[in-house]
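Inspection log for the structure reproduced underneath, given as structure tokens.
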Amino acid sequence: MEKTMNKVIITVVGRDTVGIIAKVCTYLAESRVNVLDISQTIVSGYFNMMMITDLQEATKSFSDISAQLEELGQQIGVSIKCQKEEIFEMMHRI
């Protein structure tokens, strides 16, 4: 039986500092969120990361994960936003 994925797009933006990826990924691992793909760049000292994740096995709800990641972002000085994949795709259609 094939599992369906519960894909969520996570974006992280802010001034680059040591440990951003580690802190975000540690939170996701502790919440059993699977990272499917990740892309990150640093331009003129600004950090930008986009992750595609699967919440199928997550131990928390989407709303809890979203709120807790936003709070984590405030603690480390970046903006962290979560969007369900279907909403992300609708918003970015040409």
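This structure is a prediction, so every number in the text was calculated from the model and none was measured. Side chains are part of it too, since the values below use all heavy atoms of this structure and drop only hydrogens, waters and symmetry mates.
- At least one side-chain heavy atom of I20 sits under 4.5 Å from a side-chain heavy atom of V78.
- In the hydrophobic cluster analysis, where Ile, Leu, Val, Met, Phe, Trp and Tyr join through side-chain heavy atoms closer than 4.5 angstrom, M49 is grouped together with I76.
- Between the side chain of T53 and the backbone N or O of V8 there is at least one donor-acceptor pair closer than 3.5 Å.
- The CG atom of D16 sits 3.5 Å away from the CD1 atom of I42 when rounded to the nearest 0.5 Å.
- If you take CD1 on I80 and CE on M51, they are separated by 9.5 Å, rounding to the nearest 0.5 Å.
- Distance check: E70 CD to S79 OG gives 7.0 Å after rounding to the nearest 0.5 Å.
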Evaluate the criterion side chain to side chain contact (heavy atoms under 4.5 Å, CB included) for residue pair V13 and Y46; output intermediate values, then yes/no.
CA-CA 7 Å; V13 178; Y46 289 94; over 6 Å; no
List the steps and the verdict of side chain to side chain contact (heavy atoms under 4.5 Å, CB included) for K7 and K84.
CA-CA 6 Å; K7 287 187 183 177; K84 292 190 176 186; over 6 Å; no
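- Interatomic distance, CZ of R32 versus CG of L55, reported as 11.5 Å (0.5 Å rounding).
- Rounding to the nearest 0.5 angstrom, the gap separating the OG1 atom in T11 from the CE atom in M50 is 8.0 Å.
- Atom CD1 of I38 sits about 5.5 Å away from atom CD1 of I21, to the nearest 0.5 Å.
- N34 places no side-chain N or O within 3.5 Å of a backbone atom of D54 that could act as its donor or acceptor partner.
- For CD of Q40, the number of neighbouring non-hydrogen atoms (other residues, nucleotides, ligands) closer than 6.0 Å is greater than 12.
- Linking Ile, Leu, Val, Met, Phe, Trp and Tyr whenever their side-chain heavy atoms come within less than 4.5 Å puts V35 and V33 in one cluster.
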List the steps, then state whether side chain to side chain contact (heavy atoms under 4.5 Å, CB included) holds for N48 with V43.
CA-CA 8 Å; N48 183 26; V43 178; over 6 Å; no
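- Grouping the Ile, Leu, Val, Met, Phe, Trp and Tyr side chains by contacts below 4.5 angstrom, directly or via other members, places I10 with F47.
- Checked against side-chain contact (heavy atoms from CB on, under 4.5 Å), K60 has the following partners two or more places apart in sequence or in another chain: Y27, S31, D64, I65, Q68.
- A single hydrophobic cluster is seen to contain both L28 and L72, as judged by linkage of ILVMFWY side chains at heavy-atom distances under 4.5 Å, directly or through other members.
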